[in-house]
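Worksheet: the structure to be examined is printed underneath.
As the structure is a prediction and not an experimental result, all values here were calculated from the model. Chain A is the first sequence line, chain B the second, and so forth, proteins listed ahead of strands; every chain is numbered from 1.
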There are 6 protein chains.
Amino acid sequence: MPEFTHLDAAGQARMVDVTAKQPTVRTATARAKVTCSDEVVAALRDGTVPKGDVLAVARVAGIAATKKVPDLLPLAHVIGVHGARVDLKIVDDGVEIEVETRTADRTGVEMEALTAATVAALAIVDMVKGVDRSAEIVNARVTAKSGGRSGDWRRE
Amino acid sequence: MPEFTHLDAAGQARMVDVTAKQPTVRTATARAKVTCSDEVVAALRDGTVPKGDVLAVARVAGIAATKKVPDLLPLAHVIGVHGARVDLKIVDDGVEIEVETRTADRTGVEMEALTAATVAALAIVDMVKGVDRSAEIVNARVTAKSGGRSGDWRRE
Amino acid sequence: MPEFTHLDAAGQARMVDVTAKQPTVRTATARAKVTCSDEVVAALRDGTVPKGDVLAVARVAGIAATKKVPDLLPLAHVIGVHGARVDLKIVDDGVEIEVETRTADRTGVEMEALTAATVAALAIVDMVKGVDRSAEIVNARVTAKSGGRSGDWRRE
Amino acid sequence: MPEFTHLDAAGQARMVDVTAKQPTVRTATARAKVTCSDEVVAALRDGTVPKGDVLAVARVAGIAATKKVPDLLPLAHVIGVHGARVDLKIVDDGVEIEVETRTADRTGVEMEALTAATVAALAIVDMVKGVDRSAEIVNARVTAKSGGRSGDWRRE
Amino acid sequence: MPEFTHLDAAGQARMVDVTAKQPTVRTATARAKVTCSDEVVAALRDGTVPKGDVLAVARVAGIAATKKVPDLLPLAHVIGVHGARVDLKIVDDGVEIEVETRTADRTGVEMEALTAATVAALAIVDMVKGVDRSAEIVNARVTAKSGGRSGDWRRE
Amino acid sequence: MPEFTHLDAAGQARMVDVTAKQPTVRTATARAKVTCSDEVVAALRDGTVPKGDVLAVARVAGIAATKKVPDLLPLAHVIGVHGARVDLKIVDDGVEIEVETRTADRTGVEMEALTAATVAALAIVDMVKGVDRSAEIVNARVTAKSGGRSGDWRRE
């Protein structure tokens, strides 16, 4: 039976001890996608007015979210996020989000990347829901990581 | 062309004025799903030790997240969340999450429900990622709302 | 067997639904006490320099803490704290703290008062621990409440 | 001698009791200005690339700051901010900021408007400081308020 | 007369300069106790339903609180908490709490341990107060620390 | 045309990557000034009661604000603030504020100093506005920095 690192032998939640881990450069990328109606996509794509700050608000919400992980996830460590990039791409059926996070601290930043992608997606749903109630998040996942003892990884 | 409520005529982000809306009882439900490996599902289902606090941690993270929406979404209003329930169900390929939020305040609580479902999902990914790196969120969406001027709605 | 209001029939944590409760004026008082060495008490009592901002810092920490309850206690409601007073009294063996909180919202403010008293106590321990490592909190309790459906109550 | 509302008769800080005040619509406006070098102003005015998200980030930071007042100002009440608008205007020697905040709650929102204008100004300084270390905030003030018992006011 | 480290020579609060301190592994333990009625203790001990998430919620609240110290205590440093464990034990007259915190950062984590023990205690009071209004915190104190320049210490 | 470090080549906001920067001791100072009426200045100067906690509250708000920069400024890094001092001086037409911040982390602390000076100023405006609605912030600026790759700097 696998053992969850966040639980002790009695099954009780804990914050895993990382005092012995070394500060090294680590990166992670995550992706999420929001689907929305043709009407919304057209409005987002329109180069004149309506698009306005929508993508900027989502990008800022995502970047800010990289710093809120210790507050959102009870067992997550306080970590120095040392770089973050949130890319948004309007596609035919919605918006694709890719986040890269970087740190020179003791733990990986996969959850920071995934949380940022997810919160950027939530911000988009929030802004378009007045026009399209059916907008939804159709996936959110870590796609790659590098650095740290467990080494590099890429989702296949 | 539809108009996004969160933007003014110049396309600039704003917090929508809701001073004229009345405090009334409003509810919303949202669902999310995390898929993970058979090994993780087996461990979560096991009635003895390993399962431990996993579901409780995710539930608490979700409930707490209903209160963090104004902090996560830049344009969201401060709202009194007056009730929240997070249900977690272990299924064959992962964990299904359903959240119901309630308020007697001026705006709907759809984003509170969706954010809670999403954060509970993030908490699960965080706890199982040591065993299964491929765990991911495969959907997150508002499924119903009631109350307020725009009336009841249910996703079909 | 008594039933905990914060758990549903299956024993799962929830945020209790208070949408049906009425906004009315409610108050609560709580007390806490920190004991510390004679040396610290003498320094706190001294009218000249050393005392400085110690009591002001503890008072501010306590008042600010009345607003942090929804963040500290996962199942607590977001509530409008509409008045708070933190009194500190230096006694022979330490510092006594009394907090009064007031609201015109839907739930009681006992936890706001108790949290404020406790955090003021923590702030005192933090500031005096360099001089007296043994400083400790010897009690913290709600002493009275008024308003709301359950009526007035006073600890005997 | 005037009496500060935030202090009791003994000069101790408190959160003023507003349980007897009525929820009514209240508004406030505040302005701030950041001055910066010609080089920065030219870059901000440039219609093509460099300007990018600078104004959007400042606007979002300002709107978000309206919700952080209870956290920043120890004696401020938790208040429902029910509308916010942050306007930024590039002028010959820098950026002018105007914020309007609205609420239907128990206290005025002057500090919410002033804090938002100030934080938007800080965000601009943060983003341009790499190019112009001398960028500074040259004023920040409430310019008008309406609603509440003390009535309307406009700075002359 | 002893000097409080958190005050300068004029008695004014400050955040103590720790830039010259070295990052090393430091640990601290703290304990707190909540007393409550026989009825509540029996319900908490009952192995079937009522106990439910009560201990898990308190444990999560305590772990999360280790990360909130810089927010709760105005003069505390931002510190990387690198490990935390919250143990809860139901005894005949209530619940005993023991917390261990660990860091590889520049300052000790005694206040992190004590704050976590105290917040776990507050969470328990919050959850049982509907059944037993008299539940109270009867002590909260640091019991040991190790690491750092001042060396190891254990309460006698 | 200068390039803003917080924007990428496409003009999109990002959190600048600082993983390659070294942790070294860095300091910054910032100043702000609040002007207020003769009446308020007299009350603040009065040595007996009215002055009370006003300066202590502003000082604590400023120190606490050094830790809130990552939350207030979306693109700012999480940084360990390792020392902070907030000095307040009552002058003939108001209050002058000077803040010094120190860190042994990867980025400068100019924004921490400037934010603290500004928030201390906001706290003063908040406390005196009941007596003098015209109180305002007349400047807030970084005055010096030391450490880091870009070296020392002092405003002339």
Side-chain angles (χ1 to χ4, degrees), chain D residues 1-13 32 39-40 42-43 46 48-54 56-57 60-61 64-65 68-69 71-76 110-111 114-115 118-119 121-123 125-142 145 153 155, chain F residues 1-13 32 39-40 42-43 46 48-54 56-57 60-61 64-65 68-69 71-76 110-111 114-115 118-119 121-123 125-142 145 153 155:
Chain D
M1 191 65 72
E3 286 180 23
F4 295 127
T5 51
H6 290 68
L7 302 182
D8 65 16
Q12 299 185 342
E39 192 184 17
V40 167
D46 181 53
T48 56
V49 168
K51 176 178 167 177
D53 283 351
V54 172
V57 169
V60 169
K68 298 181 196 291
V69 169
D71 186 40
L72 290 173
L73 303 184
L75 310 181
E110 297 98 300
M111 290 313 298
L114 184 59
T115 300
T118 307
V119 171
L122 288 168
V125 172
D126 183 37
M127 287 183 282
V128 308
K129 73 176 192 295
V131 179
D132 175 16
R133 276 177 169 171
S134 298
E136 62 181 299
I137 302 174
V138 291
N139 65 63
R141 55 191 174 210
V142 177
K145 66 179 289 285
W153 174 82
R155 185 181 292 269
Chain F
M1 191 66 71
E3 285 182 24
F4 296 128
T5 51
H6 290 70
L7 303 182
D8 63 17
Q12 298 185 343
E39 192 183 18
V40 166
D46 180 55
T48 55
V49 168
K51 177 177 165 180
D53 285 349
V54 171
V57 169
V60 170
K68 298 181 196 290
V69 169
D71 187 39
L72 289 173
L73 303 184
L75 310 181
E110 298 99 296
M111 290 313 299
L114 183 60
T115 299
T118 305
V119 170
L122 288 169
V125 172
D126 183 37
M127 286 182 282
V128 309
K129 72 177 193 293
V131 179
D132 175 15
R133 277 176 168 171
S134 297
E136 62 181 297
I137 301 173
V138 290
N139 65 62
R141 54 192 176 210
V142 177
K145 67 180 287 284
W153 174 81
R155 184 181 293 270

When only pairs under 4.5 Å are counted, which of [options] shares the most heavy-atom pairs with chain D?
{"options": "F/Ala32, F/Ala64, F/Ala140", "result": "F/Ala140"}
{"options": "F/Val142, F/Val138, F/Val69, F/Thr5", "result": "F/Val138"}
{"options": "F/Leu73, F/Leu122, F/Asn139", "result": "F/Leu122"}

Atom group of [X] that falls short of 4.5 Å from chain F, counting heavy atoms:
{"X": "D/Met127", "answer": "both"}
{"X": "D/Asp132", "answer": "neither"}
{"X": "D/Val128", "answer": "both"}
{"X": "D/Ala13", "answer": "both"}
{"X": "D/Ala121", "answer": "neither"}

F/Leu72 and its side-chain contact (heavy atoms from CB on, under 4.5 Å) partner, picked from D/Leu72, D/Asp126, D/Thr115
D/Leu72
Within the distance-only criterion (no hydrogens, no angle test), does the side chain of D/Arg141 pair as donor or acceptor with the backbone N or O of F/Ser134 below 3.5 angstrom?
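It does not hold such a pair.
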Determine, for F/Glu110 against D/Arg133, whether the closest basic-nitrogen to carboxylate-oxygen distance falls under 4.0 angstrom.
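Judged by the 4.0 Å cut-off on N to carboxylate O distance, F/Glu110 and D/Arg133 do not form a salt bridge.
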4.5 Å side-chain heavy-atom contact, D/Asp71 and F/Lys68
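Side chain of D/Asp71 against side chain of F/Lys68, heavy atoms only: contact under 4.5 Å found.
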